[in-house]
Amino acid sequence: MKILILGAGKMGSFFCDLLSFDHDVAVYDPDPKRLRFTFNAQRFKELEEVREFDPQLVINASTVKYTLDAFKAVLPYLSKSCIISDIATVKTGLPEFYAGCGHPYVSTHPMFGPTFASLSNLSNENAIIISESDHLGKIFFRDIYSRLHLNIVEYTFKEHDETIAYSLSIPFAATLAFAGVMKHQEAPGTTFKRHMQIARGLMSEDDYLVSEILFNPNTPEQLMKIQSQMAELLDIIKHHDSEAMKAYLARVRQNVE
């Protein structure tokens with residue numbers, strides 16, 4: 001299969017390495033320096049090269065900020081039968097784009113990022129495949145993710161956004177709150193150091209990505225739940241209520257079992 005990957009960043013390079021031994025893979029990136037270490041694949045610096053390559057599948061691995069722009073730029077060089085796909089964390093604008101693009105499409109979300117996940121061992125990670133996607137496209141990505149031993153879940157675009165608000169917005173917001181009150185520690189404890197490691201990882205992410213995840217329309221409801229929990233915990237601590245604390249901790253332990 002001829003596969004074009006848009007973007008030679010961490011995820012683009014990951015999919016190139018994953019697919020290039022079984023398929024004819026080309027990678028396009030407008031920055032030639034990012035293609036220096038692309039291995040076992042054709043390297044395209046100009047979109048005109050895409051027309052001659054004539055891919056059957058495009059995997060858009062551009063950063064979230066440029067996902068739609070990358071699609072719009074490459075579409076004129078693709079045959080109508082070419083399946084286009086994205087692996088974006090944030091799907092804002094994509095359902096509307098796919099509806100009018102004139103191409104079969106498949107949208108997925110590998111729920112592992114290069115910041116925290118070990119890309120050499122993904123057996124404990126997950127992937128989402130959007131149910132509205134083209135049938136053949138879904139089969140292709142289901143096969144890829146199965147070979148990586150990922151747990152695969154199929155959601156609609158709406159269900160995906162609701163899930164992301166819960167699984168990403170809550171930890172992102174909690175981490176930002178932690179980092180927002182931090183000051184230098186001469187002798188930090190183990191728990192503090194682990195939280196700080198997560199905070200530094202989050203702060204290394206692209207600002208646009210973090211913002212778009214938190215701007216998810218479903219996020220405010222989740223943050224209100226955090227506020228409610230903090231208010232309850234603060235009241236228990238202020239009153240030194242041992243019985244209430246015991247009950248609170250018991251409830252939290254059930255949540256994390």
Side-chain angles (χ1 to χ4, degrees), residues 9-14 17 63-65 87-90 109-128 145 148-153 155 160-257:
K10 291 179 180 178
M11 290 305 288
S13 298
F14 171 75
D17 291 343
T63 56
V64 168
K65 186 175 183 178
I87 55 171
T89 303
V90 177
H109 182 183
M111 296 284 286
F112 53 89
T115 301
F116 295 114
S118 171
L119 297 182
S120 61
N121 180 14
L122 298 170
S123 57
N124 293 319
E125 305 295 341
N126 304 291
I128 294 172
Y145 294 150
L148 292 172
H149 307 291
L150 295 168
N151 174 53
I152 304 168
V153 180
Y155 286 149
H160 169 271
D161 289 350
E162 291 171 348
T163 298
I164 295 308
Y166 177 78
S167 65
L168 290 184
S169 294
I170 287 179
F172 275 30
T175 300
L176 288 172
F178 167 81
V181 298
M182 281 304 96
K183 60 182 180 180
H184 178 69
Q185 298 289 315
E186 292 291 345
T190 302
T191 302
F192 181 94
K193 288 190 291 185
R194 288 182 179 177
H195 276 274
M196 186 58 76
Q197 183 180 7
I198 293 173
R200 286 173 177 154
L202 177 61
M203 291 297 92
S204 72
E205 295 282 7
D206 178 74
D207 287 358
Y208 184 87
L209 172 63
V210 175
S211 299
E212 286 301 295
I213 288 172
L214 292 174
F215 290 162
N216 183 321
N218 299 285
T219 295
E221 180 184 352
Q222 301 300 330
L223 297 194
M224 288 173 66
K225 293 178 181 178
I226 294 179
Q227 286 184 317
S228 174
Q229 290 295 311
M230 293 302 295
E232 181 181 355
L233 185 58
L234 179 60
D235 185 68
I236 292 171
I237 293 170
K238 279 183 174 180
H239 292 90
H240 292 260
D241 191 334
S242 298
E243 288 302 314
M245 178 63 79
K246 184 177 180 179
Y248 184 86
L249 294 175
R251 189 172 77 235
V252 172
R253 286 193 179 96
Q254 286 185 329
N255 288 347
V256 299
E257 284 181 354

With a 4.5 Å cut-off on side-chain heavy atoms, are I164 and H109 touching? yes
Residue pair Q222 / A165: nearest heavy atoms and the distance that separates them: CG-O, 3.6 Å
Do T175 and H195 have side chains that approach each other closer than 4.5 Å (heavy atoms only, starting at C-beta)? no
So does V153 get a backbone contact from the side chain of N126, meaning a donor-acceptor N/O pair under 3.5 Å? no
Closest heavy-atom contact between S169 and L214? O-CD2, 4.0 Å
Is any side-chain heavy atom of I236 closer than 4.5 Å to a side-chain heavy atom of Y248? yes
To the nearest 0.5 Å, how far apart are CD in E212 and OG1 in T89? 11.0 Å
Stepwise, does the side chain to side chain contact (heavy atoms under 4.5 Å, CB included) test hold for I213 with L168? CA-CA 7 Å; I213 288 172; L168 290 184; 3.8 Å; yes
Backbone of G201 reached by a side-chain donor or acceptor of S204 within 3.5 Å: yes
Does E243, at its CD atom, have more than 12 non-hydrogen atoms belonging to other residues, nucleotides or ligands within less than 6.0 Å? no
Heavy-atom count around N151 CG within 6.0 Å, excluding the residue itself: above 12? yes
Take F192 and F178 through the test ring-ring contact (aromatic ring centres under 6.0 Å, His included) and record every step on the way to the result. CA-CA 10 Å; F192 181 94; F178 167 81; 5.7 Å; yes
Quick one: CG on L223 to CD1 on I170, what's the gap to the nearest 0.5 Å? 7.5 Å
Counting heavy atoms not belonging to Y166, are there more than 12 under 6.0 Å from its OH? no
Counting C-beta onward and ignoring hydrogens, is there a side-chain heavy-atom pair between L122 and H149 closer than 4.5 Å? no
Answer yes or no: is there a side-chain heavy-atom contact under 4.5 Å between L202 and V210? yes
Closest non-hydrogen atoms of Q229 and R251, given as atom of the first, atom of the second and distance, are OE1-NH2, 3.7 Å
More than 12 heavy atoms of other groups within 6.0 Å of M182 CE: yes
Hey, could you give me the CD/OG distance between E232 and S228, rounded to the nearest 0.5 Å? 6.5 Å
Which is it for D206 and V64 under the side chain to side chain contact (heavy atoms under 4.5 Å, CB included) test, yes or no, and what are the steps along the way? CA-CA 9 Å; D206 178 74; V64 168; over 6 Å; no
Calculate, to the nearest 0.5 Å, the distance between atoms NZ and CG belonging to K65 and D207 respectively. 9.5 Å
Side chains of M203 and L176: closer than 4.5 Å at any heavy-atom pair? yes
N216 vs E221 side-chain heavy atoms within contact, under 4.5 Å: no
At what distance, to the nearest 0.5 angstrom, does CZ of R200 lie from CD1 of I198? 12.0 Å
For residues F112 and M11, determine if any side-chain heavy atom of one lies less than 4.5 Å from a side-chain heavy atom of the other. yes
Run the side chain to side chain contact (heavy atoms under 4.5 Å, CB included) test on M245 and L249 for me, step by step, so that the C-alpha distance in whole Å, both residues' side-chain angles and the decisive distance to 0.1 Å come before the verdict. CA-CA 6 Å; M245 178 63 79; L249 294 175; 4.0 Å; yes
